[in-house]
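Taking it in order: structure first as structure tokens, then the write-up.
Everything numeric here is computed off the predicted structure, so don't read it as measured data.
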Amino acid sequence: MNQEWSLDKLYKGYDDPEFIRDMEELPARIGAFQELAANLGQGDPKEQLIAMLKAQEEVTLFRRRLFLFLDLKNAADSADEQAVAAQAKTAMINSAIKKDIAAMDKWIGSLSNLQEMIDSDPFLKEYEFRLHEKQKEAAHLLSDDVEDVIARLNVSAGWSWGNLQDHLTSSIEVEYDGGTTNLPAIRNMAHSHNAAVRKSAYEAELAAYPKIADSVAFALNNIKSQVNTISELRGYASPLDMTLEESRMTRATLEAMLSAMRRYLPKFHEYLRAKAEYLGHKKGLPWYDLFAPLGETHRKFTTEEAKEYLLKHFRPFAPDLADMVETAFDNAWIDFYPRKGKSGGAFCAGAPFLKQSFVLTNFDGSLGDVVTLAHELGHAYHNHNLEGNRVLNTDYSMPVAETASTFNEVVIMNAAIAEADGEERMALLENQLQDVTQIICDIYSRYLFETAVFEERKSSFLFPSRLNELMQNAQKEAYGDGLDETYMHPYMWVCKSHYYSPDLSFYNFPYAFGGLFARGLYAKYQEEGETFLPKYRALLKATAVSSVEDVAAIAGIDLTQPEFWDKSLAMVAADIDAFIAMTKKKD
């Protein structure tokens, strides 16, 4: 089986004639779209609208192929100078089109008879949700010249600061055990069965961060300052309000979810204290043991075994999901192993126009890594269900982005726990509780931290010491007495790439949303059986053309009411009670 992904469906390399041709043609393709945009309002509005959307479809496909190839090359090797140079070149060229897209969106916002146009044309009907969304967004657009300046400056501002964080965290050398290793590898040791390894790896990780903390702090400060400025210029009350609108989600839904999370935090603190006591800790769980595996299972998976494990549990649920997973393994969609220069963590990049996705992991064979594969392949399944949508109808918002991925996790872990007993059952149940604790306690701490950074950045620069303090405060509030305060992770802001996008703020609460929403959907599946699957596929397809609330309504769920969130969290609370009972039996 392959160890690295194949990008041949995009381009066979930098010397591929198609890549060379597309790089050369990019300015002309963008120029053709700009020419159409320059003539907006000078002809029949309906004909112009159709022409502009079709032109945007064409240029979007062209750009996505190029940019995806370069992004994936850079993620696989941050030292790839050709990728970095080509990214800088294409970003500068691409920034010019944003002014014209903004002008197009503003023009759409001015169309008084838009619904009449939509109702009279099947092509426009497919873009009904998008067109109305653009009308709503038009109220926040600035003048054409200002939009142009924002787009152009972002190349050397927000995106560059984000690239700096990615480069520093992927290339930093961590001193460990008489040698050096990389950050993804040292962080993977948190899952070791050896307690001494977990603690020493944690200490080595924290000791490495000061080497890059100042530089990364500048990146974070400048990105958040930029977002503060832009959200204010656009007339939003805060970056959070801007994020919620971009997320197609109401504040009522967010507050209903967060309030439910806060109500159940003490239950997660019980789990953390029980795990701490099981491991012999008296003052709560130290950070380095958050991911300590429990139980007697020492199973390590090869990639082939991971594939068979996933197929075994996915096929009874959804045969089409299992078929896609098999294709992903067999056709080199996945880049598995950590190496120097490779991005840490894991992600899935969709390419619906190729009818596939690209998955990056840092696989070391643990059950957690198999679950990570399931998670990322859930994103791929989500993308698979969008393949029938039009090109501009394939982008879904952040909250629903984690739905299929977390649903996959629930399917895998619930099936595995059900077939296990004894120490293996404890290991699997605790592994699942680790993951849920991340999307409740850790995600809540990240939400609190980012909220505080945005607020303080309005009036002051946050040096590493202050960022560490804010991170620890957030961790204390979220983890409570479940965490040993003498062993926390003040540098979590350095290694989490989610903070470093100028276009995507608060990429934290969507994980909690996805985790709880998926568990609620899984409960529906348990109640309804096979009749649920068509709703699930329809729901995933609708995520790109509906609000979050309307997506949930397909499954009969009202997200603004506390009952749904409490029901999802009650399922987890039952698992926590079962885990605590197991730890007491062990005593």
Side-chain angles (χ1 to χ4, degrees), residues 125-126 128-130 133 247-250 252-253 256-257 260 310-311 313-325 348 350 352 355 357 374-390 393-415 418 439 510-572:
K125 194 70 176 176
E126 290 189 75
E128 181 170 14
F129 177 80
R130 178 183 179 85
E133 188 174 47
S247 299
R248 302 165 181 167
M249 178 175 173
T250 65
T253 292
M257 181 186 74
L310 295 176
L311 292 178
H313 293 304
F314 281 144
R315 198 164 295 281
F317 163 62
D320 63 326
L321 170 58
D323 290 343
M324 187 216 70
V325 169
C348 173
K355 297 189 183 301
S357 293
H375 179 101
E376 300 306 336
L377 289 166
H379 287 302
Y381 185 63
H382 197 161
N383 297 331
H384 172 69
N385 279 277
L386 295 171
E387 288 172 5
N389 288 13
R390 296 205 70 91
N393 281 343
T394 57
D395 293 329
Y396 40 81
S397 65
M398 286 198 300
V400 292
E402 299 302 326
T403 302
S405 54
T406 310
F407 195 104
N408 268 16
E409 290 186 37
V410 176
V411 170
I412 291 297
M413 291 306 300
N414 283 10
I439 65 169
Y511 283 96
F513 181 100
L516 297 178
F517 186 43
R519 280 166 175 77
L521 291 175
Y522 186 79
K524 288 274 188 180
Y525 164 62
Q526 289 179 311
E527 294 169 2
E528 301 175 14
E530 290 185 5
T531 60
F532 170 78
L533 293 180
K535 296 179 189 176
Y536 182 56
R537 296 186 187 105
L539 179 151
L540 294 178
K541 183 178 175 66
T543 53
V545 292
S546 304
S547 70
V548 166
E549 290 77 17
D550 286 344
V551 165
I554 294 173
I557 296 167
D558 184 351
L559 296 177
T560 65
Q561 298 303 309
E563 290 79 11
F564 170 75
W565 304 107
D566 285 336
K567 184 177 180 181
S568 295
L569 283 159
M571 294 170 62
V572 182

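- Across every non-hydrogen atom of P399 and M249, the tightest pair is CG-SD, 3.4 Å.
- Within the 4.5 Å cutoff, the side chain of L386 has heavy atoms near those of the T543 side chain.
- Two residues are said to be in side-chain contact when any heavy atoms from C-beta on lie closer than 4.5 Å; F513 and I439 fail this criterion.
- The side chain to side chain contact (heavy atoms under 4.5 Å, CB included) check on E387 picks up P352, K355, H384, with sequence neighbours excluded.
- Contact detail for A401 and H379: the closest heavy-atom pair is O-CE1, 2.8 Å.
- Applying the salt bridge (Lys or Arg N to Asp or Glu O under 4.0 Å) rule to E563 yields no partners; only residues at least two apart in sequence or on another chain are considered.
- Distance check, rounded to the nearest 0.5 Å: CZ of R390 to CD of E126 gives 5.0 Å.
- Applying the salt bridge (Lys or Arg N to Asp or Glu O under 4.0 Å) criterion to R130, with sequence neighbours excluded, gives no partner residue.
- You'll find the side chain of Y381 reaches within 4.5 Å of the side chain of L540, heavy atoms only.
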In a table with atom names and distances, give each donor-acceptor pair under 3.5 Å that connects a side chain of residues 548-558 to protein atoms at least two apart or in another chain.
unit_1	atom_1	unit_2	atom_2	d
E549	OE2	T250	N	3.1
E549	OE2	T250	OG1	3.0
E549	OE2	T253	OG1	2.7
D550	OD2	S547	OG	3.4
D558	OD1	T560	N	3.1
D558	OD1	T560	OG1	2.8

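- With sequence neighbours left out, A256 forms a side chain to side chain contact (heavy atoms under 4.5 Å, CB included) with W565.
- Under the rule for a side chain to side chain donor-acceptor pair (under 3.5 Å), the partners of S357 that lie at least two apart in sequence or sit in another chain are N383.
- Taking the side chain to side chain contact (heavy atoms under 4.5 Å, CB included) definition, one finds that P562 meets it with R263, D566, sequence neighbours left out.
- In this structure, the side chains of N393 and F129 stay at 4.5 Å or more apart for every pair of heavy atoms.
- How far OH of Y511 is from CG of L516: 14.5 Å, rounded to the nearest 0.5 Å.
- Applying the side chain to side chain donor-acceptor pair (under 3.5 Å) criterion to N389, with sequence neighbours excluded, gives K541.
- Every side chain to side chain donor-acceptor pair (under 3.5 Å) that T394 has, sequence neighbours left out, goes to R64.
- The two residues A512 and M257 come nearest to each other via the heavy atoms C-SD, 3.9 Å.
- Ring-plane geometry between H382 and Y396 is classed as parallel, the angle between the planes falling under 30 degrees on a 0 to 90 degree scale with a further cut at 60.
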Output side-chain donor-acceptor pairs under 3.5 Å for residues 404-414, partner residues at least two apart or in another chain, one line each.
unit_1	atom_1	unit_2	atom_2	d
S405	OG	H375	NE2	3.4
S405	OG	E402	O	3.0
S405	OG	E402	OE1	3.1
T406	OG1	E402	O	2.7
N408	ND2	A374	O	2.9
E409	OE2	H375	ND1	2.4

Give the table of side-chain donor-acceptor pairs shorter than 3.5 Å for residues 525-534, with sequence neighbours excluded, one pair per line with atom names and distance.
unit_1	atom_1	unit_2	atom_2	d
E527	OE2	K567	NZ	3.3
E528	OE1	K535	NZ	3.0
T531	OG1	E528	O	2.7

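- Take F314 and apply the ring-ring contact (aromatic ring centres under 6.0 Å, His included) test, not counting sequence neighbours, and it matches no residue.
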